[in-house]
Protein chains: 2
Amino acid sequence: MYLNEFDATMKHIQGKWKIMIMYELYERKVVRFNELQRYIASISPKTLTNQLKEMEKDGLIKRVVYPVVPPHVEYSLTPKGDSLIPVLNVICNWGLSVIPSDQLQRTLCDE
Amino acid sequence: MYLNEFDATMKHIQGKWKIMIMYELYERKVVRFNELQRYIASISPKTLTNQLKEMEKDGLIKRVVYPVVPPHVEYSLTPKGDSLIPVLNVICNWGLSVIPSDQLQRTLCDE
DNA sequence: CTGAATCCCCTCTGATACTG
DNA sequence: CAGTATCAGAGGGGATTCAG
């Protein structure tokens with residue numbers, strides 16, 4: 001089977017919210033579960049959990065649990081997650097070139 | 001909503017076989033339906049049709065019909081499709097960096 | 001040869017309620 | 001606060017058959 005590398009990358013970024021999660025972690029460095037849920041307005045806790053678990057398993061993000069009450073969990077990008085950011089920018093910039101400018105609302109490219 | 005550009009690009013490359021189709025068209029320049037079906041061994045005609053239609057609608061590929069019997073249809077990349085190739089290479093190369101080298105069978109990156 | 005039509009399955013995601 | 005449990009829906013893709 002061909003295209004292993006392509007699929008390898010795609011597996012990391014497939015998932016409706018992963019890029020948005022990456023973006024939030026990239027911007028804010030350290031974010032809690034509840035914050036992600038608020039920033040990404042329409043995501044359900046179940047889906048957020050799923051995406052975070054996959055990303056953690058893929059080595060893109062780090063999950064740190066503080067054993068306190070109430071629970072406190074922090075998510076952040078790993079170096080591997082950081083290394084994916086430039087790739088996302090390339091993807092984003094190509095998209096920029098194919099969207100009619102009057103449909104652009106806000107760009108995250110090159111931020 | 002954010003991330004318009006990213007989603008715009010992703011819409012173009014999402015679909016289980018689109019990258020493989022892109023790759024075949026990039027390598028062979030002009031390919032017929034039946035050839036694609038053979039090159040991409042396990043794709044069903046229905047799925048192949050779907051992917052080609054979407055890609056044509058997205059402007060990535062060009063479809064030329066010769067009104068003869070039996071039918072003769074040729075597919076090729078458009079300039080827009082060509083412009084996506086470097087993006088695919090970036091994606092592919094990142095994947096190359098995260099796959100253990102002993103799992104690599106064949107690379108399409110930088111070809 | 002190039003698809004279209006049909007049926008089936010399966011994964012992903014959403015909505016909601018609940019727990020330690 | 002940070003999830004888990006459960007139910008449900010939509011869409012993508014596979015297998016097969018048929019048509020112009």
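Residue numbering restarts at 1 for every chain, and letters A, B, ... go by the order of the sequence lines. None of the values given here were measured: they were computed from a predicted structure.
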Under a single-linkage definition using a 4.5 Å side-chain heavy-atom cutoff for Ile, Leu, Val, Met, Phe, Trp and Tyr, are B:Leu77 and B:Val30 assigned to the same hydrophobic cluster? no
Starting the side chain at C-beta, find the nucleotide from C:dG14, C:dT2, D:dT17 nearest to B:Pro45. D:dT17
Counting only side-chain nitrogens and oxygens, does A:Lys16 get under 4.0 Å of the OP1 or OP2 atom of C:dG14? yes
Between A:Thr9 and B:Trp94 (side chain of the first, backbone of the second, donor and acceptor by atom type, cut-off under 3.5 Å), is there such a pair? no
For DNA chain C, which residues in residues 60-75 of chain B have a heavy atom at a distance below 4.0 Å? B:Arg63, B:Pro70, B:Pro71, B:Val73, B:Tyr75
Could you tell me whether the side chain of B:Lys18 and the main chain of B:Gln14 form a donor-acceptor pair under 3.5 Å? yes
Let me know the distance between CG of A:Leu48 and P of C:dC12, rounded to the nearest Å. 16 Å
Donor-acceptor pair, side chain of B:Thr47 and main chain of B:Ile43, under 3.5 angstrom: no
Interatomic distance where CZ belongs to A:Phe33 and P belongs to C:dG20 [whole Å]: 17 Å
Length of the CD-C1' vector between B:Glu54 and D:dG11, whole Å: 11 Å
Counting C-beta onward and ignoring hydrogens, is there a side-chain heavy-atom pair between B:Trp17 and B:Ser44 closer than 4.5 Å? no
CD of A:Gln37 versus C1' of C:dG14: gap in Å, rounded? 13 Å
So what does B:Thr49 hit on the nucleic acid, given a heavy-atom distance under 4.0 Å: a base, only sugar-phosphate, or nothing? sugar-phosphate
Ionic contact status for B:Glu54 with B:Lys11, cut-off 4.0 Å: no
OP1 or OP2 of C:dT2 sitting under 4.0 Å from any side-chain N/O of B:Arg32? yes
Atom CD1 of A:Ile40 and atom P of C:dG14: how far apart are they, to the nearest Å? 11 Å
Quick check for you: among D:dC1, C:dT13, D:dT4, whose closest atom lies nearest to any side-chain atom of A:Asn34? D:dC1
Using five pairs at each end of the helix from C:dC1-D:dG20 to C:dG20-D:dC1 to define an axis, what is the angle between those two axes, to 10°? 40°
Within this structure, what is the NZ-to-C1' distance between B:Lys53 and D:dG12, rounded to whole angstrom? 15 Å
Contact under 4.0 Å: B:Ser44 side-chain N or O vs D:dA15 OP1/OP2: no
Indicate the atoms forming the closest heavy-atom contact of A:Ser76 with A:Leu25, along with that distance. C-CD1, 4.0 Å
Please output the side-chain donor-acceptor pairs of residues 59-72 of chain A that fall under 3.5 Å, not counting sequence neighbours, one pair per line with the distance.
from: A:Arg63; atom 1: NE; to: A:Tyr75; atom 2: OH; distance (Å): 3.3
from: A:Tyr66; atom 1: OH; to: A:Glu74; atom 2: OE1; distance (Å): 3.2
from: A:His72; atom 1: ND1; to: A:Arg32; atom 2: NH1; distance (Å): 3.3
from: A:His72; atom 1: NE2; to: A:Glu74; atom 2: OE2; distance (Å): 3.2

Just how far, in rounded Å, is P of D:dT6 from CG of A:Asn50? 15 Å
Quick one, A:Val31 with A:Arg28, criterion side chain to side chain contact (heavy atoms under 4.5 Å, CB included). Give me CA distance, side-chain angles, the key distance, then yes/no. CA-CA 7 Å; A:Val31 187; A:Arg28 305 172 190 273; 3.7 Å; yes
Between D:dG12 and B:Gln14, is there an OP1 or OP2 to side-chain N/O distance shorter than 4.0 Å? no
In whole angstrom, give the distance that lies between atom CG of B:Leu52 and atom P of C:dG3. 8 Å
Would you say B:Ile13 and B:Val87 make side-chain contact, with heavy atoms under 4.5 Å? no
The side chain of A:Lys46 lies closest to which of these nucleotides: C:dA4, C:dA15, C:dG3? C:dA15
At under 4.0 Å, does any side-chain N or O of A:Gln51 touch on OP1 or OP2 of C:dT13? yes
